[in-house]
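Everything on this sheet refers to the single structure shown next.
Lettering follows sequence order; numbering is per chain, from 1.
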Protein chains: 2
Amino acid sequence: MNAKKIPDIIIGRLPVYLRALQHMADAGSKTTSSQELGEHVGISAAQIRKDISQFGEFGKQGTGYSIQFLIDKLREILKIDRIWDVVVIGAGDLGHALAHYNGFQNRGFRVVAIFDNDKNKVGQQIGDFKVEDSATMSERIKSLSVKIAMITVPASAAQEVTDKLVQAGIKSILNYAPVNVTVPNSVKVQYSDPATNLQRMTYYL
Amino acid sequence: MNAKKIPDIIIGRLPVYLRALQHMADAGSKTTSSQELGEHVGISAAQIRKDISQFGEFGKQGTGYSIQFLIDKLREILKIDRIWDVVVIGAGDLGHALAHYNGFQNRGFRVVAIFDNDKNKVGQQIGDFKVEDSATMSERIKSLSVKIAMITVPASAAQEVTDKLVQAGIKSILNYAPVNVTVPNSVKVQYSDPATNLQRMTYYL
DNA sequence: AATCGATTGTGTCAAATTGTACAAAATCTG
DNA sequence: CAGATTTTGTACAATTTGACACAATCGATT
């Protein structure tokens, strides 16, 4: 059942469904339909039913889906039915923002360390932790068994940092630096460079 | 020629090509091939050729593409052969980071104002500008003719802010808040919630 | 218990996207 | 300058993705 390969594009939509479901749950709703969920997230009801049905029969005809049940299932599928430790590389403004970001709570993630190679930043207090020296990064990541990193270093340093992260055992990278990085197939990278995101919209203006 | 409808998915790849080309140009290269560019961005050479050929015959057989020429064309296609003014809504950590972000320079964008509804933040200096009161947002956006906004407010305020932005004439929104917002068809929204981005990767761990 | 309205899960088809292959054109080499 | 090499642009095939339709099922109602 879980044997068939699920397309990336479906996996990418699940967090969006989850976010909407959590919003409904917070508002006190108990059940929803593919129709209603679709209106929330701007995706057709049929698409949502088909996406969800890849993982099992979670709905009930005539009634729809139990919101809490579906939330639990999605969290399990996405492996966020636990807390993942995350490190931030680069203690610039964006690194700071991510290090105190309180939106990770209840969404499956916890920042556990932030690194920078600038000696003036090392030791600086950011929220609950101190900026650590990049020189110690590999050791720390290995000893903490962290698998996820967010990169906010300048473009010129991103590949070098990425190589060190991969070597230290990082498997997922959220890259805010405006540059493509090369990684082995076993490592997943998502790009989130603000300027590139804006450039995707100007065509339509 | 520009009459045919270009799929969103192609438009979305163009900024990635552009970023790689600018990187090559900075490194002093004059020409490149679909092969080489593909290796940089992790996309097949055929795909790149097909994407680019949607807009004209920009390459030369045997030689490839003139990097500077292709950069100019892509900037023109994406309408970033000019500087777009952008506003930031929400002066939290992420808003701060975006307001001083220097990665917009040379990429087609310039932050011109930042707003918050918290009276304690209004008036605070951030880089070159002061945080302005949200109450004045609509007026300011209209008078500046800004078309692009980045939202960094809490999820609970995002829809209300979005409605005001749309009403003030904003046509592109980069939304960092962890919530889907509803907008008219004439407005484009991109989502960039950090937690959702991380949730897209944990499945593969 | 029979009927009715709502809603799922899925089979089928259509559309969109990507991959493959190759002729044509440009450059390079000796 | 002839032949080898490189590389584009595109026709065609394959694959992936999305839309549509509907039987099956559930709960509510009479």
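- Applying the ring pair (Phe, Tyr, Trp, His ring centres under 6.0 Å) rule to pairs touching residues 14-40 of chain A yields nothing, sequence neighbours excluded.
- Residues passing the side-chain hydrogen bond (donor to acceptor under 3.5 Å, both in side chains) test with B/Gln167: none are found, sequence neighbours excluded.
- Of the residues in residues 12-23 of chain B, not one comes within less than 4.0 Å of DNA chain D through any heavy atom.
- Backbone-only contact: B/Ile9 has heavy atoms under 4.0 Å from sugar-phosphate atoms and none from a base.
- When each of A/Thr63 and A/Asp51 is assigned the nucleotide of DNA chain D bearing its nearest heavy atom, the one mapping closer to the 5' terminus is A/Asp51.
- Contact of B/Gln61 with D/dT8 (side chain to base): a donor-acceptor pair of N or O atoms is detected under 3.5 Å.
- Listed by chain and residue number, A/Gln35 satisfy the side chain to side chain contact (heavy atoms under 4.5 Å, CB included) test with A/Glu39 (two or more places apart in sequence, or in another chain).
- In this view, B/Val189 and B/Ile173, B/Asn175, B/Val181, B/Val183, B/Tyr191 satisfy the side chain to side chain contact (heavy atoms under 4.5 Å, CB included) rule, not counting sequence neighbours.
- Residues satisfying the side chain to side chain contact (heavy atoms under 4.5 Å, CB included) criterion with A/Ser156, sequence neighbours excluded, are A/Pro154.
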Listing time: all N or O pairs from protein to nucleotides 10-14 of chain D that are below 3.5 Å?
none

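- Under the rule for a salt bridge (charged side-chain N to carboxylate O under 4.0 Å, His left out), B/Asp118 has no partner lying at least two apart in sequence or in another chain.
- The stretch residues 30-39 of chain B comes close to DNA chain D through B/Ser33, B/Ser34, each having a heavy atom under 4.0 Å from the strand.
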Where do N or O atoms of nucleotides 28-30 of chain D meet protein N or O atoms at under 3.5 Å, pair by pair?
none

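- Note: CG (A/Leu70) to C1' (C/dG9) measures 14 Å, nearest angstrom.
- Among residues at least two apart or in separate chains, side chain to side chain donor-acceptor pair (under 3.5 Å) pairs with a member in residues 78-96 of chain A are A/Asp85-A/Arg110, A/Asp93-B/His100, A/His96-A/Gln124.
- The side chain to side chain contact (heavy atoms under 4.5 Å, CB included) search around A/Ser186 returns A/Lys171, A/Pro184, not counting sequence neighbours.
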